[in-house]
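To start, the structure itself, in structure tokens.
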Amino acid sequence: MNVMGQGVILKDNAIVLRVAPVSNTSRMVQWLTLEHGKLATLIKGAQRPKSAFLGQFDLFYTCELLFYARERNHIHIARECAPLTRRERFRVDWNAAAAASYFADAAARLTMPDTPQPALFQLLETVFDELAAGGATESCVYWFELKLLEALGVQPRLMVCLDCGAALLPATRQPSFVMARGGLVCAKCAAQGGGGEPVASDALAMLAGWQTSGSLRAARLTQCTVRQLGAMETLLGRFLQAHLDLQLHSRAIALEVLRQRAPVDA
Ligand SMILES: [Zn+2]
């Protein structure tokens with residue numbers, strides 16, 4: 001098979017976002033790469049018993065990928081691929097896999113071909129590693145969403161009043177959330193026409209704490225009530241829609257799975 005001449009060979013670290021069958025044996029793989037942004041590669045004969053690609057890639061793996069870059073479209077030809085991190089938990093833990101599916105879907109929607117987004121790549125690496133090590137809870141989804149918004153420069157402002165700058169935590173001051181402005185105003189400014197809608201202050205305090213944490217563990221270890229989780233789901237869901245135009249079915253599926261199969265409280 002002569003695939004030389006189809007473009008230069010490039011090498012990159014790449015996270016598998018999606019694997020789609022093209023035939024019985026060939027696969028289209030969508031990757032988030034460190035240096036080349038989102039890209040797709042065709043892997044011909046990937047599932048044949050003697051294929052060099054067999055077992056070398058799967059959903060949510062990070063791989064070293066060599067590919068022939070084609071200029072005409074964004075579907076490149078994979079030349080070699082070797083797993084760097086396999087994250088086997090995603091093959092056996094449906095909670096973790098449901099969360100990772102949503103995160104991969106969000107990353108795919110929010111990235112472009114040929115546009116590196118190293119902060120987003122690093123976030124996905126971190127969150128996949130942590131899910132693979134310790135599993136997923138509903139609160140992990142909201143931690144990821146906070147970090148996703150931060151990586152894209154539109155994080156919710158949860159610490160101080162947008163109008164007067166007054167500190168709003170500890171959250172006893174009944175702040176209002178102004179969705180269009182992406183943050184909170186204090187009760188005094190809200191009364192003076194700052195607008196907004198009331199949000200449960202205990203849920204806000206948890207989110208504000210997770211914003212300052214670089215690890216998913218902070219969210220996984222927080223004991224949240226059903227009411228607090230519901231407040232986070234609504235606030236962040238509306239925020240993602242308002243500021244990133246992101247409303248994904250995979251989010252609803254992940255949250256449904258994580259609620260049905262949540263570990264029983266002691
Ligand atoms: Zn204020």
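Keep in mind that the numbers below use all heavy atoms, side chains included, and drop hydrogens, waters and symmetry copies.
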One should read off an interatomic distance between Glu145 CD and Leu244 CG, to the nearest 0.5 angstrom, of 10.0 Å

When Leu248, Leu235, Leu149 are each screened for side chain to side chain contact (heavy atoms under 4.5 Å, CB included) with Leu240, the one that passes is Leu149

Any salt bridge between Asp202 and Arg227, counting N to O under 4.0 Å? yes

Ignoring hydrogens and angles, write down the donor-acceptor pairs under 3.5 Å from the side chains of residues 10-21, residues two or more places apart or on other chains.
unit_1 : atom_1 : unit_2 : atom_2 : d
Asp12  : OD1    : Glu35  : N      : 3.4
Asp12  : OD2    : Thr33  : OG1    : 3.2
Asp12  : OD2    : Glu35  : N      : 2.9
Asp12  : OD2    : His36  : N      : 3.1
Asp12  : OD2    : His36  : ND1    : 2.7

Look at Arg220 together with Glu130 and state whether they make a salt bridge at an N to O cut-off of under 4.0 Å.
no

For Ala96 and Leu131 the tightest heavy-atom approach is O-CD1, 4.1 Å

Q.
Using the rule given for side chain to side chain contact (heavy atoms under 4.5 Å, CB included), can you reason through Ile77 versus Arg70, listing the C-alpha separation, both sets of side-chain angles and the distance that settles it, and then say yes or no?
A. CA-CA 8 Å; Ile77 303 290; Arg70 301 165 98 192; 3.9 Å; yes

Taken to the nearest 0.5 Å, the spacing of Ser101 OG from Arg251 CZ works out to 15.5 Å

The salt bridge (Lys or Arg N to Asp or Glu O under 4.0 Å) partners of Glu138 (sequence neighbours excluded) come to Arg259

query: Hey, quick one: are Phe128 and Leu84 part of the same hydrophobic cluster, counting side-chain heavy atoms closer than 4.5 Å, chains of contacts allowed?
result: no

Rounding to 0.5 Å, atoms CD (Glu88) and OG1 (Thr85) come to a distance of 11.0 Å

**Request:** Would you tell me whether Trp210 and Ser139 have side-chain atoms, one donor and one acceptor, within less than 3.5 Å of each other?
**Result:** no

- prompt: Have Gln228 and Tyr142 got a donor and an acceptor in their side chains that come within less than 3.5 Å?
  reply: no

message: If only side-chain N and O atoms count, and only distance matters, is there a donor-acceptor pair under 3.5 Å linking Arg87 with Thr62?
response: yes

Notebook entry, point to check: Yes or no on side chain to side chain contact (heavy atoms under 4.5 Å, CB included) for Cys189 and Cys164, after CA distance, side-chain angles and deciding distance?
Noted result: CA-CA 7 Å; Cys189 291; Cys164 71; 3.8 Å; yes

Only residue of Phe90, Trp31, Phe103 satisfying ring-ring contact (aromatic ring centres under 6.0 Å, His included) with Phe60 is Phe90

Sorted by chain and residue number, the side chain to side chain contact (heavy atoms under 4.5 Å, CB included) partners of Val160 (sequence neighbours excluded) come out as none

